[in-house]
Amino acid sequence: MLGLTEEVEFNRYTYLFENEINPETVQNLIDTLVGVPSADLFFCTVGGELPSMKALIHFINNHPDIVIYVTGYLASAGTFLLTDCNKEIYLTEDLDFILFHQADRPVEGQFRKRKIDEKILYLQTEEVNKQLADKYKRLGLNSKEIKEYFKGEDVILYRKDFNRLKVNRK
């Protein structure tokens, strides 16, 4: 018959991401989810590169229907998911810990002259770390943890600490 269309029900796509954050792994994840109308993303990472994580968060924030389930562990750049993602996020019962620390830069130029001013890069990274500390405070890290963060130490939260985090949840 003309004018009748049959609707096909689409099951939510489930994807498990357990990788370091870098351009290749992030682009693979984006390529996998770009055409998927609704997805549940189970997410576990040791962290990685800041620009790659920002690109992933940009993609996630613009996805029409994605829910994040943090599982295993979340570390380093992966924690930006908790501060910058505007989608629903669940800290699953399988999440063991969340590790926060300051951003850092590799040092290069040991054997050749370098024209890039390391002092300027240091100041830029210092500003990024101050901005991250403000976000982590709003997320729920306490003053003792923020002091540890600024000392350059890893700040690790365990399950018993998760209830104080202000995560965007359902």
Side-chain angles (χ1 to χ4, degrees), residues 14-34 39-63 66-108 116 118 121-169:
T14 299
Y15 190 85
L16 174 62
F17 179 88
E18 290 185 318
N19 287 300
E20 184 175 336
I21 305 296
N22 63 50
E24 182 181 352
T25 60
V26 166
Q27 191 60 56
N28 287 340
L29 177 56
I30 290 170
D31 291 347
T32 300
L33 298 179
V34 70
D40 293 328
L41 175 59
F42 286 76
F43 196 85
C44 173
T45 186
V46 295
E49 301 175 23
L50 181 108
S52 298
M53 190 62 195
K54 288 190 176 226
L56 178 57
I57 291 170
H58 174 80
F59 169 78
I60 289 171
N61 285 343
N62 288 292
H63 192 279
I66 190 166
V67 177
I68 312 296
Y69 296 87
V70 183
T71 186
Y73 46 86
L74 187 67
S76 191
T79 62
F80 306 155
L81 197 63
L82 303 178
T83 59
D84 294 358
C85 180
N86 63 19
K87 299 296 183 175
E88 296 167 328
I89 296 177
Y90 288 104
L91 305 181
T92 69
E93 62 186 29
D94 299 321
L95 179 62
D96 288 322
F97 66 88
I98 303 170
L99 183 145
F100 302 85
H101 64 78
Q102 291 190 68
D104 209 347
R105 291 183 181 272
V107 177
E108 296 180 14
I116 296 173
E118 295 294 331
L121 292 179
Y122 176 86
L123 293 172
Q124 289 175 179
T125 304
E126 186 176 50
E127 183 57 33
V128 166
N129 284 324
K130 288 177 183 174
Q131 292 169 2
L132 288 172
D134 288 340
K135 289 180 180 183
Y136 292 152
K137 284 180 198 173
R138 288 192 300 274
L139 179 66
L141 269 63
N142 62 37
S143 58
K144 179 184 174 203
E145 292 161 343
I146 295 298
K147 282 181 186 176
E148 290 174 4
Y149 168 85
F150 277 121
K151 286 181 187 175
E153 297 178 19
D154 289 340
V155 175
I156 302 170
L157 301 184
Y158 297 98
R159 286 184 195 145
K160 66 180 177 51
D161 305 305
F162 297 163
N163 63 340
R164 66 180 155 103
L165 297 180
K166 298 168 188 85
V167 178
N168 180 20
R169 303 175 195 207

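Side chains included, hydrogens not; waters and symmetry mates left out as well; all remaining heavy atoms used.
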Give the C-alpha distance, both sets of side-chain angles, the deciding distance and a yes or no for side-chain contact (heavy atoms from CB on, under 4.5 Å) between Tyr73 and Val46. CA-CA 7 Å; Tyr73 46 86; Val46 295; 3.6 Å; yes
Assess whether side-chain contact (heavy atoms from CB on, under 4.5 Å) is satisfied between Ile68 and Phe42, documenting all intermediate values. CA-CA 6 Å; Ile68 312 296; Phe42 286 76; over 6 Å; no
Might you work through the side-chain contact (heavy atoms from CB on, under 4.5 Å) test for Ile98 and Leu165, ending with a clear yes or no? CA-CA 11 Å; Ile98 303 170; Leu165 297 180; 3.8 Å; yes
Please evaluate residues Lys130 and Asp134 with respect to the criterion side-chain contact (heavy atoms from CB on, under 4.5 Å), reporting the C-alpha separation (whole Å), side-chain torsions for both, the decisive distance (0.1 Å), and the verdict. CA-CA 6 Å; Lys130 288 177 183 174; Asp134 288 340; 5.6 Å; no
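Of the listed residues (Leu16, Leu74, Leu95, Thr71), just one forms a side-chain contact (heavy atoms from CB on, under 4.5 Å) with Phe43, and that residue is Leu74.
Residue Asp154 comes nearest to His101 through the heavy atom pair OD1-CB, 3.4 Å, listed as atom of the first residue, atom of the second, then distance. Residues Asn163 and Lys160 come closest through the heavy atom pair OD1-O, 3.4 Å. The two atoms that bring Ser76 and Gly47 nearest to each other are CB-CA, 3.8 Å, heavy atoms only. Residues Cys85 and Ile89 approach most closely at CB-CD1, 4.0 Å, considering heavy atoms. Considering all non-hydrogen atoms of both residues, Gln102 and Lys151 come closest at NE2-N, 4.3 Å. Taking every heavy atom of both residues into account, Glu145 and Leu157 meet most closely at OE2-CD2, 3.1 Å.
The CG atom of Leu82 lies 6.5 Å from the CG atom of Leu91; values are rounded to the nearest 0.5 Å. Separation of atoms CG (Leu123) and CD (Glu118) is listed at 11.5 Å; rounding is to 0.5 Å. Between atom CG of residue Leu81 and atom CD1 of residue Ile60 there is a gap of 5.5 Å, rounded to the nearest 0.5 Å. Rounded to the nearest 0.5 angstrom, Ile146 CD1 and Lys137 NZ are separated by 6.0 Å. In this structure, OH on Tyr69 lies 12.5 Å from CD on Glu93, to the nearest 0.5 angstrom. Atom CD1 of residue Ile57 and atom OG1 of residue Thr83 lie 6.0 Å apart, to the nearest 0.5 angstrom.
Residues in residues 128-152 take part in these ring-ring contact (aromatic ring centres under 6.0 Å, His included) pairs, two or more places apart or across chains: Phe100-Tyr136, Tyr136-Tyr149.
Considering only heavy atoms from C-beta on, Val70 stays 4.5 Å or farther from Thr92 through its side chain. Under the 4.5 Å side-chain criterion, counting only non-hydrogen atoms from C-beta, Leu139 is in contact with Val167.
For Asp96, the side-chain hydrogen bond (donor to acceptor under 3.5 Å, both in side chains) partners two or more places apart in sequence, or in a different chain, are Arg159. By the side chain to side chain contact (heavy atoms under 4.5 Å, CB included) test, Lys144 is found to be paired with Asn142, Glu148, residues two or more places apart in sequence or in another chain being considered. Not counting sequence neighbours, the partners of Thr125 by the side chain to side chain contact (heavy atoms under 4.5 Å, CB included) test are Ala103, Arg105, Asn129. Lys54 pairs by the side chain to side chain contact (heavy atoms under 4.5 Å, CB included) definition with Leu50, not counting sequence neighbours.
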Scan the side chains in residues 21-29 for donor-acceptor partners under 3.5 Å anywhere in the protein, sequence neighbours excluded, and list what turns up.
residue	atom	partner	partner atom	Å
Asn22	OD1	Glu24	N	3.0
Asn22	OD1	Thr25	N	2.9
Asn22	OD1	Thr25	OG1	3.4
Thr25	OG1	Glu20	O	2.6
Thr25	OG1	Asn22	N	3.2
Thr25	OG1	Asn22	O	3.3
Gln27	NE2	Asp31	OD1	2.8
Asn28	ND2	Glu24	O	3.3

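Checked by atom type and distance alone, the side chain of Asp161 pairs as donor or acceptor with a backbone atom of Tyr158 at under 3.5 Å. A donor-acceptor contact shorter than 3.5 Å links the side chain of Thr45 to the backbone of Asn19.
No more than 12 heavy atoms of other residues, nucleotides or ligands lie within 6.0 Å of OH in Tyr122, so this atom counts as exposed by the packing criterion.
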